[in-house]
Amino acid sequence: MVDKVKIIPQDIEEQMRLENVYKLWNDQVNLLLTEEERGFVKELQEFCIDYDPKINYETDVYGMFPDFGKKGYIQRLNPWKEFKLAGCKYEMLLGMNLAMMDAEFDLARLASGILCGNPTFQHGGTPELDKVQDELLSGTKVGCIAMTEANHGSDTVNMEAKVSPVDGGYKFEGMKIFTTNGPKSDYFLGYGCVDEANPRGTMVQAMLSRDMGITTERLKINAVPRVHIGKTHYNGIVVPEAMITGKPGQGYHNLFDGLVPERLSIVGSSLGICWSSILNGIIYSNLRNQFGKPIMKYQAVSYPFSDLLIRVSSATMAAFNIAKMYDENVLQVMQRGEKVTPEMSKASAQWSGQIKYLCAKLAAETAYETQQLMGGVSVTDNTRVMRTWGVSSIQEVIGGSRGVMQLIMSGNLKKMMKLL
């Protein structure tokens, strides 16, 4: 293997190590956390700092899964085994800190632990689904969500994938695209409709496994070279009843129930990209001298960084507040076996869409602007900034693209008039 050419001076690169990035983040964020949350972050950061030198950026991310699974770091939305510190805010904290370490790994583990794994908590309960849950969260198996279709894109309701009831289960036919982790996945959270003319009334949600006969092809996604994103073929597989998480019609409700916590989880990862980009840029710009002084002393650099920091800090505070409200009014209510009020369900859907839109867009902007402020050095392979920029382009698409979020919000604007 050819040695990497170093551009950043060694003394500056040493100061950009993960430990220092975390120190600056803690200084900005710790007052927004409870003592228990700070303890969780401290333990997580210590693990990541120790693990960081072991990461091989020449290989894909999936070999890292078991190491993080042993610590309960594949997801923290739901309590699992001995890992009881869980909820939407804990999941945000997990995503933020993992994205600051390795944004590509965080993207893949979110797709596996949240997009695929979360329904096993919400709609599981069979021994077969319990086994899937344990394998996904331990990191010994990889999962993905097979929902998007080539001819429908973000129109997730009107699917062409066909589901037919058969003896003992359901037959799945059709193809899905942009399945993050798909070519490496053991499990696929799959969707299809019994009657494509009535998708809401007949949509099925199920946990499919590769050994049932699913095949995949990898798409070439240059932005995230270490994450496998693919095309998934159902191939007429038969899924047994025990792996069905939503029977005809219920699958539609399950899909949208899951979108709220999934979008809030994506927010944590987006904010991690924001913080990783801006803090690496701040360290570099305070140490890089040009024309006799650090470039941070020039207003052309310090003012844009100040603007980014204000907006990232504000978005972080808003995200934490929404996560806290979701934990208290939705997640904990469901865990007690109680019913969430329609008003809270509607509000949480609006909050999650709005903050997901804001933070995903901010991640792309922060990564790009930091590159410009750091100059050409930011695009070399010995900084995290280039990798966070690549993942930021994916964050604006998963969980609902920018246009979908705007469509949802514009619909809410029209509904406001009904209150008058």
Side-chain angles (χ1 to χ4, degrees), residues 60-62 65 74 104 107-120 123 128-129 132-133 135-136 140-164 166 169-194 196 199 202-240 243-246 248 251-252 254-255 258-259 262 266 394 397-401 404:
D60 65 39
V61 301
Y62 301 100
F65 273 46
I74 297 297
E104 285 182 280
L107 171 66
R109 75 90 208 164
L110 184 145
S112 187
I114 298 295
L115 302 187
C116 186
N118 184 51
T120 66
H123 313 295
E128 291 83 353
L129 287 169
V132 172
Q133 182 181 104
E135 290 178 334
L136 288 176
T140 57
K141 300 290 185 182
V142 178
C144 67
I145 184 170
M147 181 169 62
T148 305
E149 295 183 352
N151 294 327
H152 295 280
S154 296
D155 180 10
T156 55
V157 174
N158 296 296
M159 299 180 178
E160 293 181 12
K162 178 73 173 175
V163 177
S164 305
V166 296
Y170 293 83
K171 181 179 180 180
F172 277 68
E173 300 173 279
M175 180 267 289
K176 303 288 183 175
I177 59 169
F178 301 132
T179 48
T180 302
N181 297 343
K184 289 287 186 176
S185 286
D186 303 284
Y187 295 111
F188 302 72
L189 184 72
Y191 293 88
C193 299
V194 175
E196 65 179 65
T202 67
M203 187 180 295
V204 178
Q205 181 194 64
M207 188 65 69
L208 289 53
S209 64
R210 184 175 291 276
D211 58 15
M212 292 175 182
I214 282 182
T215 57
T216 54
E217 302 170 81
R218 186 180 181 184
L219 303 173
K220 185 174 176 58
I221 309 291
N222 293 328
V224 284
R226 296 163 58 232
V227 179
H228 290 234
I229 300 175
K231 180 189 289 187
T232 298
H233 303 271
Y234 286 156
N235 296 327
I237 64 172
V238 175
V239 183
M243 298 286 271
I244 302 298
T245 52
Y252 170 79
N254 290 0
L255 186 156
L259 278 177
E262 289 159 12
I266 294 168
I394 305 295
V397 178
I398 61 172
S401 66
V404 171

Leu115 vs Leu189, side-chain contact (heavy atoms from CB on, under 4.5 Å): CA-CA, chis, key distance, verdict: CA-CA 8 Å; Leu115 302 187; Leu189 184 72; over 6 Å; no
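- Although no hydrogens or angles enter the test, the distance criterion places no donor-acceptor pair under 3.5 Å between the side chain of Thr216 and the main chain of Thr232.
- Between Thr120 and Thr245, every side-chain heavy-atom pair lies at or beyond the 4.5 Å cut-off.
- From Glu262, atom CD reaches atom CG of Asn118 across 6.0 Å, with rounding to the nearest 0.5 Å.
- Counting only distance, with no hydrogens or angles, the side chain of Lys231 and the backbone of Ile177 share no donor-acceptor pair below 3.5 Å.
- Taking every heavy atom of both residues into account, Ser112 and Gly143 meet most closely at OG-N, 2.9 Å.
- Contact between Pro199 and Asn158 at its shortest, heavy atoms only, is CG-OD1, 3.5 Å.
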Sequence neighbours excluded and cut-off under 3.5 Å, please list the side-chain donor-acceptor pairs for residues 220-227, or say none.
{"residue": "Lys220", "atom": "NZ", "partner": "Asn222", "partner atom": "OD1", "Å": "3.3"}
{"residue": "Arg226", "atom": "NE", "partner": "Thr59", "partner atom": "O", "Å": "3.1"}
{"residue": "Arg226", "atom": "NH1", "partner": "Asp102", "partner atom": "OD1", "Å": "3.0"}
{"residue": "Arg226", "atom": "NH1", "partner": "Asp102", "partner atom": "OD2", "Å": "3.3"}
{"residue": "Arg226", "atom": "NH1", "partner": "Glu104", "partner atom": "OE1", "Å": "3.0"}
{"residue": "Arg226", "atom": "NH2", "partner": "Asp102", "partner atom": "OD2", "Å": "2.8"}

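- More than 12 heavy atoms of other residues, nucleotides or ligands lie within 6.0 Å of OH in Tyr62, so this atom counts as buried by the packing criterion.
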Trace of the side-chain contact (heavy atoms from CB on, under 4.5 Å) decision for Lys171 with Ile237: CA-CA 6 Å; Lys171 181 179 180 180; Ile237 64 172; over 6 Å; no
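- Counting all heavy atoms, side chain and backbone alike, Met175 lies closest to Ala150 at CE-CB, 4.2 Å.
- Using a distance-only test at 3.5 Å, with no hydrogens or angles considered, a donor-acceptor pair links the side chain of Glu149 to the main chain of Glu160.
- With a 4.5 Å cut-off on side-chain heavy atoms, Pro248 and Tyr170 count as touching.
- Leu208 and Met212 make their closest contact through CA-SD, 4.0 Å (heavy atoms, listed as atom of the first residue, atom of the second, distance).
- Although no hydrogens or angles enter the test, the distance criterion places no donor-acceptor pair under 3.5 Å between the side chain of Thr180 and the main chain of Ile229.
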Steps toward side-chain contact (heavy atoms from CB on, under 4.5 Å) verdict (Val194, Val204): CA-CA 8 Å; Val194 175; Val204 178; 4.2 Å; yes
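- Closest non-hydrogen pair, Ala161 versus Tyr234, comes out as CB-CE1, 3.9 Å.
- In this structure, Asn254 and Gln205 approach most closely via the heavy-atom pair ND2-OE1, 3.2 Å.
- Taking NE2 from His228 and CZ from Arg218, the interatomic distance works out to 3.5 Å, rounded to the nearest 0.5 Å.
- Screening Thr179, Val142, Leu136, Ile214 for a side chain to side chain contact (heavy atoms under 4.5 Å, CB included) with Ser185, the sole residue that qualifies is Val142.
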Residues His233, Glu217; criterion side-chain contact (heavy atoms from CB on, under 4.5 Å); working and verdict: CA-CA 9 Å; His233 303 271; Glu217 302 170 81; 2.6 Å; yes
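- Asn181 places no side-chain N or O within donor-acceptor distance of the main-chain N or O of Cys144, the cut-off being under 3.5 Å.
- Judged purely by atom type and a 3.5 angstrom limit, Tyr187 has no side-chain atom pairing as donor or acceptor with the backbone of Glu135.
- The backbone N or O of Ile74 sits less than 3.5 Å from a side-chain atom of Arg109, completing a donor-acceptor pair.
- At least one side-chain heavy atom of Met159 sits less than 4.5 Å from a side-chain heavy atom of Met147.
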